[in-house]
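In this text the structure is predicted, and so the values were computed from the model without any measurement. In what follows, chains are A, B, ... by sequence order, proteins preceding strands, each numbered from 1. Atoms considered below: every heavy atom in the structure, side chains included; atoms not considered: hydrogens, waters and symmetry mates.
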Number of protein chains: 2
Amino acid sequence: MAKRGKINQRQRILEEAAKLFKSKGFAGTSMRDLGGEVGMEAASIYNHVKSKDEILESICFYISDTYISQLAEVEQTATPYREKIETLIRQHIRLMLEEGAAVSVANNDWKYLTGDKLTAFKDARKRYEHGFAALIEQGIAAGELQPVNVSVALFTILSAVRWVELWYRPGRGVSADELEQNILTMLLNGLAK
Amino acid sequence: MAKRGKINQRQRILEEAAKLFKSKGFAGTSMRDLGGEVGMEAASIYNHVKSKDEILESICFYISDTYISQLAEVEQTATPYREKIETLIRQHIRLMLEEGAAVSVANNDWKYLTGDKLTAFKDARKRYEHGFAALIEQGIAAGELQPVNVSVALFTILSAVRWVELWYRPGRGVSADELEQNILTMLLNGLAK
DNA sequence: ACCATAAACTAACGTTTGTTAGTTTTTATA
DNA sequence: TATAAAAACTAACAAACGTTAGTTTATGGT
């Protein structure tokens with residue numbers, strides 16, 4: 001019984017799929033494309049994976065699970081709200097740098113999920129957004145944050161960090177730490193002097 | 001000769017295509033889907049449009065042309081840099097509200113462009129980004145803006161406004177003016193107190 | 001060495017894809 | 001009302017799609 005090879009190959013398939021989905025989209029990527037990247041025939045992929053849809057599901061829920069558990073952790077920590085939000089922003093940026101392709105898929109290709117999975121993913125996202133929004137709201141109520149519209153603040157933050165993955169290339173001018181620091185400055189202190 | 005109907009139908013096709021591309025992606029939308037939405041057979045669409053690719057091109061370049069000319073206008077106006085940037089942000093938000101589907105396509109599906117068109121689109125985008133970045137840089141040099149990393153500032157702004165289109169629904173809590181004002185507050189003054 | 005299983009292969013399936021050809025209907029004008 | 005162009009239609013195409021079936025090769029434990 002050689003089971004160890006199987007999970008490694010499955011992992012490799014998921015990783016290559018994430019890269020392809022990111023650059024060509026889920027619908028624009030064929031199983032033959034994926035096979036070519038992994039180094040096997042399209043049909044052989046089915047030894048490791050149930051379907052093309054299952055690949056997408058694995059990628060999307062891996063990311064949403066990560067976000068949800070990061071949020072839960074921050075919620076339980078006893079720190080000022082401003083610090084909680086700073087931590088969440090940092091975690092977003094880091095996940096983006098570490099799992100860029102998967103995050104991109106979860107952000108852009110989740111719409112190709114179907115049935116229960118689509119519902120579950122949307123629910124997870126809503127749960128995350130509500131939790132994050134609650135922290136901002138409490139931060140404003142506590143006087144730690146500006147009394148800006150909560151939804152606008154939430155989505156400005158989520159949007160601003162989300163695109164790191166699209167344009168940031170490490171080693172080219174800005175280091176990861178500088179990136180974090182600059183984004184935090186922008187979001188927390190603003191561009192104006 | 002009935003020429004008036006033709007351009008109207010073409011416009012309708014482009015608009016419905018933008019909506020479909022936004023929700024299902026370019027590769028995930030078939031000409032039969034589009035025909036269904038417009039109210040004709042897929043084959044009939046070709047009386048108004050050269051190909052599926054041409055539809056995508058029309059949408060993408062309509063948006064990029066708009067951005068480019070808005071930037072040119074702002075560059076020529078004699079106002080403080082902070083105000084120029086504020087204007088550009090406002091224009092982004094407004095275009096997003098007026099042409100949400102098309103903007104979404106230009107943001108997400110441009111990667112399905114091919115050959116010259118792909119090159120031209122990327123060039124236009126780069127030109128816009130460079131122009132915007134230059135304004136930020138000059139604003140910092142003039143002491144009107146915080147000395148933040150220019151790329152980070154630029155992409156934080158572009159990202160933050162870009163997603164308005166994904167989550168903002170007019171008439172639901174936040175008005176368009178409030179939206180503009182809140183985003184400007186976030187980006188220029190920051191969330192922290 | 002043998003055997004069971006995992007994991008690759010080839011070949012093919014039914015469907016859907018973008019697009020073309022040829023034909024009929026609609027429409028505006030003279 | 002006759003006519004010509006515009007714009008719809010039906011039918012079909014070759015290619016590409018996700019997936020299945022059946023077969024062969026590789027691998028690890030006894």
Side-chain angles (χ1 to χ4, degrees), chain A residues 1-60 105 109-115 117-118, chain B residues 1-60 105 109-115 117-118:
Chain A
M1 267 185 268
K3 194 132 205 181
R4 195 169 148 275
K6 185 150 184 175
I7 48 171
N8 281 352
Q9 282 286 60
R10 185 186 156 90
Q11 200 53 39
R12 247 176 59 69
I13 288 168
L14 294 181
E15 281 164 17
E16 293 300 328
K19 287 190 220 163
L20 282 173
F21 293 171
K22 179 192 165 187
S23 67
K24 311 176 58 168
F26 176 75
T29 301
S30 73
M31 292 300 278
R32 287 164 180 85
D33 288 338
L34 179 53
E37 216 62 40
V38 176
M40 63 177 72
E41 291 301 313
S44 305
I45 297 173
Y46 290 83
N47 284 319
H48 306 279
V49 133
K50 226 179 66 190
S51 67
K52 192 188 178 190
D53 286 334
E54 197 222 349
I55 296 176
L56 179 64
E57 291 160 14
S58 296
I59 296 170
C60 287
V105 171
D109 291 330
W110 60 267
K111 59 187 161 198
Y112 296 107
L113 292 169
T114 55
K117 304 292 182 176
L118 177 58
Chain B
M1 265 187 270
K3 194 134 204 180
R4 195 169 149 273
K6 184 150 184 174
I7 49 169
N8 282 352
Q9 283 285 61
R10 184 185 155 92
Q11 200 53 39
R12 247 176 59 68
I13 288 168
L14 294 181
E15 281 165 18
E16 293 300 328
K19 287 191 219 163
L20 281 173
F21 293 171
K22 179 194 166 187
S23 68
K24 312 176 58 168
F26 176 76
T29 301
S30 73
M31 293 299 279
R32 286 162 182 86
D33 289 338
L34 179 53
E37 216 63 39
V38 175
M40 62 177 73
E41 292 301 312
S44 306
I45 297 173
Y46 289 83
N47 284 319
H48 306 278
V49 134
K50 225 180 65 189
S51 67
K52 193 188 177 190
D53 286 335
E54 196 222 349
I55 296 176
L56 180 64
E57 290 159 14
S58 296
I59 297 170
C60 287
V105 171
D109 291 331
W110 60 267
K111 58 187 162 199
Y112 296 106
L113 293 169
T114 55
K117 303 293 181 175
L118 177 58

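When distances are taken from the side chain of A/Ser30 to each of D/dC17, C/dA8, C/dT17, the shortest belongs to D/dC17. Side-chain proximity of B/Met40 to the nucleotides D/dA8, D/dC17, C/dT19 is greatest for D/dA8. The side chain of B/Lys52 lies closest to C/dT19 when the candidates are C/dT19, D/dG18, D/dA8. Picking from C/dA8, C/dT19, D/dT20 the nucleotide with the shortest atom distance to the side chain of A/Tyr46 gives D/dT20.
Atom P of nucleotide D/dG18 and atom CG of A/Leu20 are separated by 12 Å, given to the nearest angstrom. The distance between atom CE of B/Met31 and atom P of D/dA16, rounded to the nearest whole Å, is 18 Å. When rounded to the nearest whole Å, the span between CD1 of B/Ile13 and P of D/dA7 equals 10 Å. Taking atom CZ of residue B/Arg10 and atom C1' of nucleotide D/dA7, one finds them 15 Å apart after rounding to whole Å. We find that OH of B/Tyr112 is positioned 12 Å from P of C/dG18, with the value rounded to whole Å. One can place CD1 of A/Ile45 at 19 Å from P of C/dA6, the figure rounded to the nearest angstrom. Atom CD of A/Glu54 is separated from atom P of D/dG18 by 15 Å (rounded to the nearest Å). Whole-Å rounding puts the B/Phe26 CZ to C/dT17 P distance at 13 Å.
At a cut-off of 3.5 angstrom, counting only N and O atoms as typed in the model, there is a donor on one side and an acceptor on the other between the side-chain of A/Asn47 and the base of C/dA8.
Where A/Ala43 and A/Asp33 meet DNA chain D, the nucleotide closest to each residue was compared, and A/Asp33 sits on the side nearer the 5' end. Each of A/Glu41 and A/Arg32 was matched to the nucleotide of DNA chain C holding its nearest heavy atom; the match closer to the 5' end belongs to A/Glu41.
Residues meeting the salt bridge (charged side-chain N to carboxylate O under 4.0 Å, His left out) test with B/Lys111, sequence neighbours left out: none. Applying the ring-ring contact (aromatic ring centres under 6.0 Å, His included) rule to A/Phe21 yields the partners A/Phe26; only residues at least two apart in sequence or on another chain are considered.
Contact of the B/Ser58 side chain with the B/Arg10 side chain is registered, since non-hydrogen atoms from C-beta on lie closer than 4.5 Å. When side chains are defined from C-beta on, B/Ile55 counts as touching B/Leu34, because their heavy atoms get closer than 4.5 Å.
At a threshold of 4.0 angstrom between heavy atoms, the contacts of A/Ser44 include nucleobase atoms, whether or not backbone atoms are also involved.
With respect to the salt-bridge test (charged N to carboxylate O, under 4.0 angstrom), the residues A/Glu15 and A/Arg12 do not qualify.
The phosphate of C/dA6 (OP1 or OP2) has no side-chain N or O of A/His48 nearer than 4.0 angstrom. Applying the 4.0 Å criterion to OP1 and OP2 of C/dA6, one finds that A/Gln9 has every side-chain N and O outside that range.
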